[in-house]
Every structure is written in structure tokens, then in C-alpha cells.
Amino acid sequence: MTDLELPGITQTRRERPARPATHWADLSIEERKQAVTAAGLPGFRADQISRRYFGHDDVEPALWSELSTAVAGQVTQAWLPDLLEQVTALSCDDGDTVKTVWRLTGGALVESVVMAYPQRVTACVSSQAGCGIGCPFCATGQQGLTRNLSTAEIVEQVRQARGLAASGAFTRSPDRLTNIVFMGMGEPLANYRALVAALHRIIDPMPGGFDMSARNVTVSTVGLVPRMHDLAEEGLPVTLALSLHAPDDELRDTLVPINHRWPVADVLAAADDYATLTGRRYSIEYALIRDINDQPWRARALGELLAGRLTHLNVIPLNPTPGSKWTAAEPDVEDEFVHLVREAGVAVTVRDTRGREIDGACGQLAATVEGA
Ligand code: SAH
Ligand code: SF4
């Protein structure tokens, strides 16, 4: 913190957190061509580097046969800085869930989680260090926002997850990363430009990006309505997940403070518009909290609200977070809740609580700035 002396006033200003170096994955195809040319290299190098990075997840130019040692050094130095320093990697669920904590430039810590299932391998990635929205049941929300991640810091989490999946670490699953969910730390739509660029790197065909399927990429948001509209216009048919948590504004105001700005009716209308424009069904996330939002009348109200919409409901048993007195609904209350919403004609799934014992489950991601 720096104190600014102004006549009669003392203001406190946060120092700007250190920004990461520019990385190949920050750049669009056009920018890559310009960058290599500006560095005195022939334009075709851009395509070669992209094919290595996005096609083979390869960040070791020293081993690329097409480059001289000098050029390899130049490429590494200019465009492949190490953005994620691994602090810890923990596994649970018999090795099928791996949580990695990364230290970013400037010291902020973020986490990504890879979950292996029989039919898919899913990476849960972070878009911000901390989060400024402040939902009271979420560990990330309790620490406030440290900074936005750069595009490449997001893409590098994906590349690392691809490497893990391809390494044969998950013996009962496909040996490639199939799905990505933006459900780690942060509110992705609050870091909109970096998010959209990262989505392009993930989805665009070679040599633009990893060429992963857009429908297997899910962006979860608390409902920043203008950004939801923007995302719908991007022409990236990713799946949208809307974190609702209550059918009524009175409760949602307390669970998701930004509801004061964009209430239930507005966020649902924006999600409906998203579905209309993209043709993609969206999901509603509902963390079920004992005696807070798990009452039968709320289940009925939720069913009424969602019936007829192009959506399905994902019930997430609350993961307890340190310092919060809230806990998951009782199993029979959860069953009744799910039953009542289904009765209204809404498709419902109950999310498993992968990673709970390593604090890798939703809302438990609470890495913070080291030493803070
Ligand atoms: N900020 C975005 C995405 C990250 S949070 C959002 O809120 O949608 C990803 C999901 O985890 C959200 O649905 C969020 O509501 C949920 N979540 C947060 N804390 C949780 C907790 N303690 N238990 C269960 N789910 C939680
Ligand atoms: Fe931020 Fe999402 Fe946590 Fe709310 S639930 S504090 S929006 S990360």
C-alpha cells in the first residue's frame, strides 16, 4: 500500500500487482506474424511455433529440429516465458483428481483441478487470482481480487492439464483432455478480454489454437448481464453456466451480492438470450446450503422459474469453507429438493463433490498471495 499525500486528505492506493510477461498464447495469429517479423525472423516461423505449441503442447524450442540453437534461444526468451510455477500438486479420488497450485508473476497463487472420469477428462481453470464478487459461501470470494489473469496464464493452465491427461496419469479415462470448465478461482466475465482470447486459443483450429470442441468448454458466471450479451455475440458456442443459488431476489441478494445490480429476472433473460443466439442449452448452478436455500417452497419456486427454459439444473452440495458456518443440505432434503424441481419438468443433475478432501472442489479454491 502507498499513502498518497493530498492537501487535507490521505488516500490509500493499492500498488499495481506485477503483470506477467507477454507469451505466445497471448497473441492472435496476426500478432504472432507481426511479432516474429519485428524480431527479424521470417514470417513462416510464426506458423512453426504455433504448430509446436498448440499442436504438440511443446514449449522446448531447444529440441525443435527446425530451429538453430540461436533461434531456439530467441524464441524461448521472447515468447515462451514460464508463467506458472508449480507450488504443489495433490491428488485424491484414487488418483483421478489432481489439484495444482501455481505461483504467478508477482506472487499470487491460483489453482487448477483436473478430474478424470471414464468418458472424459475435465480441467477446472482459474480466470482471476481471487475474486471481487464476494459470495459469502465461496472461499475464493472471501479473499477479494488480487488481479486478473492474462490470456496466456489461462491457456497455460489448459496446456498443463493437456499434458497431465496425455501422460497416462489417469488409467481409467481417455488419455486426452476433453472438457474445460471456468469454475476455478475468479469470475471469468469480469476478465472478459483475456477470457475471450483464451477461448479462441482453446477452440480455434490449428495453428490458431488447440482445436478443442467449443461445446465441451463451459464458462460459469454469476450473471454479469452486459458481458453475457457480449459473449453471446462472439460466435463462440461455448456452454454457459449461470450461478443462481436462489429463485428469489431477497435471498440471492445475500448469496450473490451482484444480484442487487442484475437481479434474477435479468440474469435469466440474459441466459435465455444466450441460448437463443447460440442454440446452446445453458445450465443453472445451485449450491444447496442447509436451511438457507434448500426449502421445499424454494424448490417449487425454482421449478416454476426454470420450466420451459432451454436449461438444466446442476445442484451442487455445498462444500464447506473455512470460517463459514454454512454446510450442505441433509441428503433427504436434497433428494426432496431435486424431486420437486424435476416434478416441474426441469432436468436436474446433482454434481459430485470431486476433490473435497484436497480443497479442490468448487468454492474451496482459496490459494492466496504468499505471505499475505
Ligand atoms: N465465479 C464464477 C465461476 C467460479 S465459481 C461463478 O460463480 O459462477 C464456480 C462454481 O462454484 C459456481 O457455481 C459457484 O457458485 C460454485 N461454488 C462456489 N463456492 C462453493 C461452495 N462452497 N460449494 C459449492 N459450490 C460453490
Ligand atoms: Fe467469485 Fe464465483 Fe466465488 Fe462468487 S462463487 S465469489 S463469483 S468465484
Side-chain angles (χ1 to χ4, degrees), residues 99 110-113 115 122-149 154 157 180-192 194-195 198 217-225 227-228 231 238-246 251-262 267 270-271 274 282-290 292-294 311-329 334 349-357 359-368:
K99 178 182 86 162
V110 295
E111 306 178 346
S112 18
V113 184
M115 293 155 287
T122 301
C124 174
V125 298
S126 296
S127 54
Q128 299 183 307
C131 181
I133 306 285
C135 307
F137 54 87
C138 169
T140 308
Q142 300 318 297
Q143 69 184 68
L145 177 66
T146 302
R147 72 163 167 83
N148 280 332
L149 266 57
I154 299 171
Q157 292 173 66
I180 297 172
V181 294
F182 282 81
M183 293 190 182
M185 298 171 77
E187 165 52 45
L189 295 188
N191 184 12
Y192 187 78
L195 169 76
V217 177
T218 300
V219 174
S220 178
T221 179
V222 276
L224 308 190
V225 165
R227 295 286 90 80
M228 290 167 76
L231 188 64
V238 295
T239 302
L240 186 75
L242 173 64
S243 295
L244 196 66
H245 308 310
L251 179 58
R252 193 166 189 268
D253 278 348
T254 68
L255 295 181
V256 183
I258 208 154
N259 192 67
H260 288 285
R261 182 100 170 264
W262 293 295
V267 292
Y274 188 90
Y282 60 92
S283 58
I284 295 287
E285 309 288 297
Y286 198 101
L288 205 57
I289 315 174
R290 185 184 300 175
I292 301 288
N293 64 356
D294 64 351
T311 188
H312 77 275
L313 179 70
N314 235 324
V315 169
I316 320 169
L318 187 84
N319 295 308
T321 58
S324 166
K325 52 189 183 312
W326 289 342
T327 185
E334 177 184 300
T349 46
V350 178
R351 170 97 52 83
D352 69 1
T353 48
R354 274 295 181 92
R356 238 184 201 186
E357 61 197 82
D359 286 354
C362 296
Q364 289 182 311
L365 303 182
T368 180

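Just so you know, these numbers come straight off a predicted model, no measurement behind them. One-based numbering along the sequence shown. Every number for a ligand or one of its atoms is a count from 1 in the order of the listing.
- When non-hydrogen atoms are compared, ligand 1 lies under 4.0 Å from neither the backbone nor the side chain of M185.
- With hydrogens and angles disregarded, a donor-acceptor distance shorter than 3.5 Å links the side chain of R290 to the backbone of A328.
- With contacts defined as side-chain heavy-atom distances shorter than 4.5 Å, the pair E187/I258 does not qualify.
- Those atoms of ligand 1 that come under 4.0 Å of a heavy atom in E285, given as number and element, are 13 (O).
- With atom 8 (O) of ligand 1 as the reference point, the heavy atom nearest to it among G141, S243, C124, S324 is part of S243.
- Ligand 2 places these atoms under 4.0 Å from at least one heavy atom of G186: 8 (S).
- With ligand atoms numbered from 1 in the order given, ligand 1 contributes 22 (N) to contacts under 4.0 Å with heavy atoms of T321.
- Of the possible donor and acceptor atoms, one in the side chain of N191 sits under 3.5 Å from a partner among the backbone N and O of S127.
- Using a non-hydrogen distance threshold of 4.0 Å, F182 registers as a contact of ligand 1.
- Side chains of I289 and L255 form a contact here, defined as non-hydrogen atoms less than 4.5 Å apart.
- Those atoms of ligand 2 that come under 4.0 Å of a heavy atom in G141, given as number and element, are 6 (S).
- Of all non-hydrogen atoms in M228 and A271, the two that sit nearest each other are CE-N, 3.6 Å.
- For ligand 1 and G184, the ligand atoms under 4.0 Å from any heavy atom of the residue are 4 (C).
- Considering backbone and side-chain N/O of F137, one or more are found under 3.5 Å from N/O of ligand 1.
- Counting heavy atoms from C-beta outward, D294 and E334 have side chains that stay 4.5 Å or more apart.
- Using a 4.0 Å heavy-atom cutoff, G186 is listed among the residues neighbouring ligand 1.
- Which parts of ligand 1 touch T221 is read off a 4.0 Å heavy-atom cut-off, strictly below it: atoms 8 (O).
- By the criterion of a heavy-atom distance under 4.0 Å, both the backbone and the side chain of N319 are placed next to ligand 1.
- The only member of V219, T221, L231, T239 that meets side-chain contact (heavy atoms from CB on, under 4.5 Å) when paired with Y274 is L231.
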For residues 129-136, which side-chain donor-acceptor pairs fall under 3.5 Å, sequence neighbours excluded?
none

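- Two residues are said to be in side-chain contact when any heavy atoms from C-beta on lie closer than 4.5 Å; V350 and P317 meet this criterion.
- Per-residue contacts place V222 under 4.0 angstrom from the following atoms of ligand 1 (heavy atoms of the residue considered): 7 (O), 8 (O).
- For ligand 2, the atoms sitting less than 4.0 Å from at least one non-hydrogen atom of G134 are 6 (S), numbered in the order shown with element in parentheses.
- At a 4.0 Å cut-off, not a single heavy atom of C135 sits close enough to ligand 1 to count as contact.
- Under a 4.0 Å criterion applied to the non-hydrogen atoms of V222, ligand 2 contributes the atoms 7 (S).
- Among the backbone and side-chain atoms of C131, an N/O/S atom is found under 2.8 Å from atom 1 (Fe) of ligand 2.
- Counting heavy atoms closer than 4.0 Å to ligand 1, residue E187 contributes atoms from both its backbone and its side chain.
- Contact of the W326 side chain with the T321 side chain is not registered, since no non-hydrogen atoms from C-beta on lie closer than 4.5 Å.
- Side-chain contact between L318 and L288: absent, with no pair of heavy atoms (C-beta onward) separated by less than 4.5 Å.
- Partner of M185 under the side-chain contact (heavy atoms from CB on, under 4.5 Å) criterion, chosen from L145, T140, V125, L149: T140.
- Counting heavy atoms only, H245 comes closest to atom 14 (C) of ligand 1 of the residues H245, Q142, M183, Q128.
- Of the heavy atoms in T140, none comes closer than 4.0 Å to ligand 1.
- Comparing C138, P257, P136 by heavy-atom distance to atom 3 (Fe) of ligand 2, the nearest is C138.
- Contact of the L195 side chain with the R227 side chain is not registered, since no non-hydrogen atoms from C-beta on lie closer than 4.5 Å.
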